[in-house]
Amino acid sequence: MVNDSAILQYDGKSYTLPVVTGTQKETAIDIGTLRARSGLITLDSGYGNTGSCSSAITYVNGERGVLKYRGYRIEGLATQSTFIETAYLLIFGELPTVAQLDEFRRILTANESIHEDMRYHFDGFPPNAPPMAILSAMVNTLGCFEPAFMKAEEDAHFIEPAARLMSKIRTIAAASYRKSRGKPLIYPRSDLRYTANFLHMMFSNPYALYEADETIVDALDRLLILHADHEQNCSTSTVRMVASSQANLYASVAAGICALWGPLHGGANVAVIDMLSRLADSGESLEKFVERVKKKDSDTRLMGFGHRVYKDFDPRAKIIKKACDRLLAKLGIHDPLLEIAMRLEEIALNDPYFVERKLYPNVDYYSGIILRAIGIPTEMFTVIFAIGRLPGWIAHWREVRTNPGSRIDRPRQVYSGPVVREYLPIAERPG
Ligand code: CMC
């Protein structure tokens with residue numbers, strides 16, 4: 001909604017720009033006409049001040065530690081909803097009725113298997129191939145096996161491609177793990193719900209079924225809810241950017257998976273466990289480690305700390321920490337890495353370096369401890385994040401593709417290279 005304006009003065013001229021207000025009263029200067037009128041563009045490395053779109057899916061208030069999906073607070077969803085219900089909410093905008101949820105579940109169950117020929121694609125990966133690489137490649141491959149859904153945009157029928165992709169990504173994810181460990185692929189079980197079925201495909205063997213403990217299924221389901229969307233983060237912005245070129249859902253999500261892989265984004269959950277394990281093995285004092293992290297020339301960061309948007313506690317981290325304590329107590333697990341994590345957190349939260357920069361634990365700080373307790377191997381942590389984030393990616397893809405005003409994303413730049421150079425044949429170039 002436009003209800004105010006801002007004035008920019010440059011080179012003796014004045015430009016009035018509309019100020020847009022969102023439903024949570026956040027304000028933004030709409031610079032859509034700036035270049036045409038003034039020749040100026042804005043420069044915002046890392047996009048810390050740039051709103052790339054207007055979106056009705058998720059609201060984050062980093063100063064107050066608030067996260068809501070479609071208006072519903074994360075605290076309520078994480079304790080009362082299920083991952084599948086939350087996914088429906090994100091993708092379709094409303095909590096489902098009983099009939100809608102049944103239909104969504106029916107399509108999920110009907111599509112839990114992947115085409116038999118996709119198995120040969122898994123064989124093409126070398127041993128120990130990273131599961132995130134396999135996941136991204138196989139989601140794109142999946143599109144080739146479902147050509148009808150590559151064109152999917154038709155709003156009324158969107159439940160079909162959305163549920164199919166959600167169902168199959170879990171089968172692909174489990175298969176990517178089995179492949180990377182040289183284990184036989186396990187078929188899904190239609191009698192199991194989404195999360196339990198995933199654990200079955202991860203851990204069952206042809207000669208021994210894995211029966212998941214309810215506590216474990218519940219903990220993983222809640223973790224998936226917490227990861228389900230987070231507005232314009234790196235991977236979601238990637239999905240939106242690819243979608244803006246009118247690329248299909250599979251290609252857009254495959255790109256999002258690649259963006260999520262990086263250690264500053266979804267890969268941080270692996271980096272946290274690596275960091276805690278190194279600290280446990282080396283015996284380095286935690287105080288000394290924190291001093292090392294703070295040095296300007298250090299390439300070490302306190303992984304799982306800090307967030308571009310949250311300048312207070314990440315609300316997801318608070319929920320995860322509690323869930324972590326509960327799960328470990330219930331399973332009777334004593335994890336020395338949890339103790340290190342808690343001591344490290346205390347040191348950091350009392351250190352002026354972290355206080356001044358408003359660096360708090362983020363969603364990844366404790367999630368790895370939960371995943372370890374569940375028995376998920378470290379190389380699968382980011383894959384689990386991807387399964388959790390998929391409903392958000394699908395919701396954003398749909399939002400881009402159903403917005404009649406959507407344009408291809410194409411940022412500008414300030415060029416900083418040589419002005420003009422004459423081509424010299426190789427023989428004439430100075431040695
Ligand atoms: N350890 C030590 N110093 C840090 C850390 C950290 N984890 N995070 C930020 N800083 C410092 C940084 O060096 C800078 O200091 P100075 O002002 O002296 O130059 C200041 O805090 C601001 O940092 P920044 O890198 O400009 O902040 P950013 O918004 O660009 O980066 C971040 C955000 C999440 C990439 C960063 O905090 C980080 O690298 N954290 C560790 C990785 C991590 O946990 N990532 C998961 C993020 S949450 C889940 C997700 O999005 O996937």
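Index from 1, following the sequence. Fair warning: this is a prediction, and the values are worked out from it, not measured in the lab. First listed ligand is number 1; within each ligand, the first listed atom is number 1.
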In plain terms, say whether Lys294 and Glu291 are close enough for a salt bridge, that is, a side-chain N and a carboxylate O under 4.0 Å apart. yes
How many angstroms lie between CD1 in Ile369 and CG in Leu327, if you round to the nearest 0.5 Å? 11.0 Å
Do Lys358 and Glu63 meet the salt-bridge criterion of a basic N to acidic O distance under 4.0 Å? no
Once side-chain hydrogen bond (donor to acceptor under 3.5 Å, both in side chains) is applied, what residue pairs with a partner in residues 221-230 remain, sequence neighbours excluded? Thr58-Asp229, Thr195-Asp221, Asp218-Arg222, Asp229-His396, His230-Tyr310
For a quick check: using heavy atoms under 4.0 Å, what are the residues in contact with ligand 1, sorted by chain and number? Leu264, His265, Gly266, Ala268, Val293, Lys296, Arg301, Leu302, Met303, Gly304, Phe305, Gly306, His307, Arg308, Tyr353, Arg357, Leu359, Asn362, Val363, Asp364, Phe385
Closer than 4.0 angstrom, basic N to acidic O: yes or no for Glu75 and Lys318? no
Expected output: side-chain Thr109 to main-chain Arg105 donor-acceptor under 3.5 Å: yes
